[in-house]
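Just so we're on the same page: letters track the sequence lines, and every chain starts at 1. Values below: all heavy atoms of this structure, side chains included; hydrogens, waters and symmetry mates excluded.
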Protein chains: 2
Amino acid sequence: MADAPPPLDRVQLDAYFALIEVVGLLRHAVEQQLREAGDLSYVQFQLLARLNDAPTGSHRMTDLADGVVYSRSGLTYQAGLLEKAGLVTRAPSAEDERSITVTITDDGRARVAKVLPGHAEVISRMLLEPLSRDDVEALAGLLEPVRDHMRATPPRSAATRRRRR
Amino acid sequence: MADAPPPLDRVQLDAYFALIEVVGLLRHAVEQQLREAGDLSYVQFQLLARLNDAPTGSHRMTDLADGVVYSRSGLTYQAGLLEKAGLVTRAPSAEDERSITVTITDDGRARVAKVLPGHAEVISRMLLEPLSRDDVEALAGLLEPVRDHMRATPPRSAATRRRRR
DNA sequence: ACCAGGTGCTTCGAACTTGAAGCACGCCAC
DNA sequence: GTGGCGTGCTTCAAGTTCGAAGCACCTGGT
């Protein structure tokens with residue numbers, strides 16, 4: 001054994017626990033709202049929202065999976081459900097025969113529009129309410145570098161295959 | 001219908017997305033480390049950690065479920081696994097015939113001790129590294145009120161099955 | 001003492017998730 | 001061009017998750 005790893009101090013633990021707990025509670029609330037308002041799971045909503053924001057209204061499967069931090073096989077399943085529901089379409093990419101391009105349909109956009117207000121309402125009530133405008137700015141300012149760090153550093157999350165050079 | 005709910009602005013969305021994304025990535029990394037280091041899922045680790053920190057080394061099922069933001073039935077399942085693995089014991093409470101008291105065993109404490117250093121290492125590398133000491137303090141200071149707010153706010157509709165302490 | 005409603009936990013079924021294995025295409029050095 | 005490896009997606013089996021329903025106990029009002 002080399003040096004014992006430095007244990008975390010009180011403040012670090014506080015920040016970590018608060019982070020996990022806040023997101024856990026928030027996700028629960030959001031999930032419930034999405035289910036009631038538009039019969040969507042959280043992942044499905046995230047996928048539709050991403051497609052809805054994309055200039056072309058479409059993305060590759062892999063990019064979607066990475067974007068929402070999800071397994072590839074899980075994405076295949078969810079994309080299948082969304083397609084069955086008529087909210088997206090799947091088509092092989094012209095440029096790369098291997099890729100599938102997922103595109104949001106008008107029904108998909110409508111569904112997003114339908115649940116969005118309630119979604120915003122939950123975020124406001126649960127997360128934003130106890131924070132001042134400056135607080136929210138500070139929070140975003142703190143977390144964004146962390147996200148970038150995590151995206152850049154790690155050995156590519158749950159992918160069986162990684163490595164590229 | 002009353003007023004249309006106010007949509008979220010850029011900064012609010014940034015904070016929200018960063019929050020969700022950071023925790024998603026962090027959880028993935030932590031989960032992998034826990035699995036490799038001690039064959040524990042994240043929930044199982046959270047449960048053991050809570051029991052380990054408790055003065056008595058035990059908690060009621062419901063309190064555990066609330067603490068880690070988990071369904072009751074899910075907790076029954078996980079507690080069963082932990083018991084089978086000899087990391088906790090379950091016994092009916094003396095005071096309340098309905099409750100089950102879950103207690104961590106010596107093996108359970110040993111398991112926590114075994115995975116803890118690696119856990120701390122992941123938190124440090126992924127979450128804490130890009131943050132200054134002041135940043136970490138600020139983060140905790142921002143999130144703790146939010147957590148308390150969320151804990152206090154009733155789940156709007158599911159008010160039936162609630163209350164405690 | 002009674003009973004009506006609340007609380008604590010488990011069971012059950014159905015849905016979801018994941019990594020590993022598998023297939024097909026793309027890239028590149030030879 | 002062609003073999004070999006990397007990449008994109010799907011299939012598969014096993015494990016996990018949740019809500020609803022069910023059972024047992026507890027509490028407060030009468």
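Taking OG1 from T89(A) and CG from D107(A), the interatomic distance works out to 11.5 Å, rounded to the nearest 0.5 Å.
Among the heavy atoms of the strands lying under 4.0 Å from L81(A) are primed sugar atoms or P, OP1, OP2 only; no base atom is included. Residue T76(A) is in base contact, counting any heavy-atom pair closer than 4.0 Å across all strands shown. Using a 4.0 Å heavy-atom distance criterion, S99(A) is classed as a sugar-phosphate-only contact.
Rounded to whole Å, the distance from CG on L47(B) to C1' on dT17(D) is 14 Å. Following rounding to the nearest Å, L75(A) (CG) and dC16(C) (P) show an atom-to-atom distance of 14 Å. Whole-Å rounding puts the Y77(A) OH to dA15(C) P distance at 7 Å. Distance E97(A) CD to dC27(C) P: 11 Å, rounded to the nearest Å. Look at CD on Q78(A): it is 6 Å from P on dC16(C), rounded to the nearest Å. In this entry the distance linking CG of D96(B) with C1' of dA24(D) reads 11 Å, nearest Å. As rounded to whole Å, 13 Å separates atom P of dT17(D) from atom CZ of R27(A). Atoms OH (Y70(A)) and P (dG8(D)) sit 20 Å apart, rounded to a whole Å.
Close to dT16(D), at under 4.0 Å from its OP1 or OP2, lies no side-chain N or O of Q44(B). The side chain of R60(A) places an N or O atom within less than 4.0 Å of a non-bridging phosphate oxygen (OP1 or OP2) of dG8(D). Using a 4.0 Å cut-off, some side-chain N or O of T62(A) falls inside it from OP1 or OP2 of dC9(D).
Side-chain contact between V146(A) and L142(A) is absent, with no heavy atoms from C-beta onward closer than 4.5 Å. Taking 4.5 Å as the limit, every side-chain heavy atom of R72(B) sits out of range of all side-chain heavy atoms of M61(B).
In this structure a side-chain-to-backbone donor-acceptor pair under 3.5 Å is present from Q12(B) to D9(B).
Distances from the side chain of M61(B) to the nucleotides dC18(D), dC9(C), dG8(D) place dC9(C) closest. Side-chain proximity of R98(B) to dG8(C), dT10(D), dT17(D): nearest is dG8(C). Residue S73(B) places its side chain closer to dG19(D) than to any other of dA20(C), dG19(D), dG26(C). Among dC9(D), dC16(C), dC18(D), the nucleotide with an atom closest to any side-chain atom of S71(B) is dC18(D).
If H28(A) and R90(A) are placed on DNA chain D by their nearest nucleotide, the residue sitting closer to the 5' end is R90(A). Comparing S41(A) and E95(A) by the nucleotide of DNA chain C whose heavy atom lies nearest to each, the residue mapping closer to the 5' end is S41(A).
By the side-chain contact (heavy atoms from CB on, under 4.5 Å) test, H149(B) is found to be paired with E129(A), P130(A), T153(B), residues two or more places apart in sequence or in another chain being considered.
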